[in-house]
Chemist: 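The structure's right below; bear with me while I get my questions together.
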Amino acid sequence: MSLQRALGVAVVGTGKMGADHVRRIHHVISGARVTAVVDIEAERAKTLADGLEGCTAYTEPAAAMAAPDVDAVLIASPGPAHEAALLEALDRDLPVLCEKPLTPDAASALRVLEAEQRHGHRRIQVGFMRRYDAEYMKLKQLLDGGELGRTLMLHHRHRNLAMPPWFTNEMLINDSVVHEMDITRWLLDQEITAVTVHKPAPSSHAPAGMSDPQFVLFETESGALVDVEIFGHCGYGYQVQAEAVCERGTVRIGDESGPRVCTDGRWGGRITPDYVERFEDAYDREVQAWVDATRNGQVTGPSVWDGYAAAAVCEAGVLSQREGRRVEVELMARPTFYQ
């Protein structure tokens with residue numbers, strides 16, 4: 001598909017992330033317009049659609065995908081709804097940007113992977129937006145350049161001001177640490193082979209029944225070790241940092257957000273309150289890259305394989321979290337289709 005006109009996008013799911021993507025497509029990026037919004041809450045979808053010229057509200061993804069003004073689909077609905085929407089899009093040969101997770105578990109991700117292979121060409125990009133963050137892209141460039149030598153260790157810190165009341169221990173892995181799983185695979189260009197989750201004494205701010213913070217250790221194919229501090233209720237803001245320890249040096253990102261100010265006998269800066277603001281530029285860059293590639297008949301970015309691999313690592317992480325032991329990742333051989 002090569003389009004001269006604006007790409008007509010159906011946004012499936014109009015919660016916080018979906019609504020932000022509608023705003024992004026309508027006001028920020030170029031080459032696309034929102035022609036359909038989908039949500040099981042009909043009134044919420046209608047309210048959003050009414051504010052966009054030429055946009056129709058739907059309650060079923062299949063109905064939106066059948067519309068003649070829909071050229072592509074952005075899926076931002078809850079994870080359990082992704083598989084059905086992805087398979088529908090494949091049946092209709094529609095390009096997709098699917099927010100993580102691809103699906104909630106490795107078995108369903110594998111079904112999507114097999115369906116895309118049967119389709120014969122890539123149609124799905126997975127929304128691991130950190131790959132589009134300026135700092136992470138620079139870190140990737142430095143590591144790939146080789147001047148620092150082989151990467152021996154990665155240290156990740158992932159801190160949230162607070163989590164929603166419905167957040168669970170498992171979600172700390174599946175919805176938060178999954179980002180470190182993907183970015184580790186991307187930065188090192190290798191698979192994660194084992195996961196161990198440690199639980200220190202919980203913070204007094206952790207909800208009842210949640211172990212927070214947690215310390216997660218990845219092992220990789222080359223023998224590199226990667227640790228992740230996930231802290232869901234740090235109490236002061238949203239903070240994501242990474243440091244690579246290499247044979248001939250180290251490199252660290254995420255230390256500051258915004259200017260450092262010195263005044264009245266003190267110094268300091270601002271910490272972003274949540275992921276939407278911290279990674280706003282990355283989301284903009286990700287969606288623009290997806291639109292540009294789609295209009296040129298291409299699919300780039302994180303693949304269904306990346307979504308499946310992340311789901312497999314998540315399953316190992318949740319099992320380790322539950323049983324308090326090292327768990328090896330069960331991953332099928334990577335198909336040549338995704339190489």
Side-chain angles (χ1 to χ4, degrees), residues 15-17 20 79 99-101 127-136 139 153-184 186-187 192 195-218 225-245 250-263 266-283 310 313-314 317-318 320-322 324:
K16 181 177 182 179
M17 197 72 257
D20 193 54
E99 278 294 344
K100 66 85 187 165
F128 287 120
M129 81 294 183
R130 288 194 192 179
R131 298 189 186 198
Y132 296 87
D133 177 73
E135 287 192 273
Y136 275 108
L139 177 56
M153 293 182 289
L154 278 176
H155 304 299
H156 295 291
R157 286 172 292 280
H158 186 163
R159 299 166 181 156
N160 289 71
L161 175 66
M163 292 298 197
W166 38 262
F167 224 75
T168 65
N169 271 319
E170 292 79 11
M171 292 175 75
L172 286 175
I173 300 296
N174 291 330
D175 290 72
S176 295
V177 180
V178 64
H179 285 292
E180 280 73 28
M181 294 171 184
D182 179 72
I183 208 67
T184 292
W186 182 64
L187 289 172
I192 295 169
V195 184
T196 308
V197 178
H198 298 276
K199 300 176 186 176
S203 163
S204 60
H205 300 294
M210 177 178 284
S211 296
D212 184 42
Q214 296 184 22
F215 186 86
V216 185
L217 182 66
F218 303 148
L225 289 179
V226 180
D227 63 77
V228 184
E229 173 208 309
I230 177 64
F231 196 176
H233 298 78
C234 76
Y236 61 81
Y238 181 77
Q239 193 171 49
V240 168
Q241 300 168 319
E243 182 178 26
V245 178
T250 66
V251 55
R252 187 168 68 187
I253 64 171
D255 282 339
E256 292 186 1
S257 176
R260 172 170 165 160
V261 178
C262 298
T263 181
R266 59 188 174 84
W267 59 267
R270 178 175 179 272
I271 299 174
T272 53
D274 63 20
Y275 67 92
V276 172
E277 181 176 337
R278 164 62 181 85
F279 287 108
E280 182 177 9
D281 289 344
Y283 281 117
V313 180
C314 279
V318 169
S320 175
Q321 185 189 63
R322 185 181 304 131

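These values consider heavy atoms only, across backbone and side chains, with no hydrogens, waters or symmetry-generated copies. Values in this document were obtained by computation on a predicted structure and should not be read as measured data. For the single chain, residues carry numbers from 1 onward in sequence order.
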Chemist: Mark yes or no for whether Asp175, through its side chain, and Val178, through its backbone, hold a donor-acceptor pair below 3.5 Å.
Modeler: no

Chemist: Can you name the one residue among Lys100, Arg131, Arg130 that meets side chain to side chain donor-acceptor pair (under 3.5 Å) with Asp182?
Modeler: Arg131

Chemist: Hey, are the side chains of Glu180 and Val216 touching, using non-hydrogen atoms and a 4.5 Å cut-off?
Modeler: no

Chemist: Determine whether Asn160 and Phe167 make a side-chain contact, defined as any pair of heavy atoms from C-beta on separated by less than 4.5 Å.
Modeler: no

Chemist: Evaluate the side-chain proximity of Gln241 to Arg252: yes if any heavy-atom separation is below 4.5 Å, no if none is.
Modeler: no

Chemist: Distance check, rounded to the nearest 0.5 Å: Ile271 atom CD1 versus Leu161 atom CG?
Modeler: 10.0 Å

Chemist: Would you indicate whether the side-chain heavy atoms of Glu229 and His155 approach each other to under 4.5 Å?
Modeler: no

Chemist: What's the separation between atom CD in Glu243 and atom CG in Asp227, rounded to the nearest 0.5 Å?
Modeler: 9.5 Å

Chemist: Hey, are Lys16 and Glu99 close enough for a salt bridge, meaning a charged N less than 4.0 Å from a carboxylate O?
Modeler: no

Chemist: Could you label the plane-to-plane angle of the His158 and Tyr238 rings as parallel, tilted or perpendicular, counting under 30° as parallel and over 60° as perpendicular?
Modeler: perpendicular

Chemist: Mind checking the CE-CE spacing from Met210 to Met163? Nearest 0.5 Å is all I need.
Modeler: 7.0 Å

Chemist: Could you grab the distance from atom CD1 of Ile230 to atom CZ of Arg157, nearest 0.5 Å is fine?
Modeler: 12.5 Å

Chemist: Identify the two heavy atoms, one from Pro200 and one from Pro213, that lie closest to each other, and give their separation to 0.1 Å.
Modeler: CD-O, 3.4 Å

Chemist: Is there a donor-acceptor contact under 3.5 Å from the side chain of Asp212 to the main chain of His233?
Modeler: yes

Chemist: Do Gln239 and Phe231 have side-chain heavy atoms sitting under 4.5 Å apart?
Modeler: no

Chemist: Looking only at atom types and distance, does a side-chain atom of Gln321 sit under 3.5 Å from a main-chain N or O of Asn169, one as donor and one as acceptor?
Modeler: yes

Chemist: Evaluate the criterion side chain to side chain contact (heavy atoms under 4.5 Å, CB included) for residue pair Phe128 and Ile183; output intermediate values, then yes/no.
Modeler: CA-CA 8 Å; Phe128 287 120; Ile183 208 67; over 6 Å; no

Chemist: Of the non-hydrogen atoms in Arg159 and Cys234, which two are nearest, and what is the gap between them?
Modeler: CB-SG, 4.0 Å

Chemist: In Å, rounded to the nearest 0.5 Å, how long is the span from OG of Ser211 to NZ of Lys199?
Modeler: 4.5 Å

Chemist: Verify, without hydrogens or angle tests, whether Ser320 (side chain) and Val197 (backbone) share a donor-acceptor contact under 3.5 angstrom.
Modeler: yes

Chemist: Walk me through whether Gln214 and Val177 qualify under side chain to side chain contact (heavy atoms under 4.5 Å, CB included).
Modeler: CA-CA 10 Å; Gln214 296 184 22; Val177 180; over 6 Å; no

Chemist: For the pair Glu135 (side chain) and Gly254 (backbone), establish whether a donor and an acceptor sit closer than 3.5 Å, ignoring hydrogens and angles.
Modeler: yes

Chemist: Give a yes or no on this: more than 12 heavy atoms of other residues, nucleotides or ligands lie within 6.0 Å of atom NE2 of His205.
Modeler: no

Chemist: With side chains defined as the heavy atoms from C-beta onward, is the minimum distance between Asp133 and Arg278 less than 4.5 Å?
Modeler: yes

Chemist: Find the distance between CE (Met129) and CG (Asp281) and round it off to the nearest 0.5 Å.
Modeler: 12.0 Å

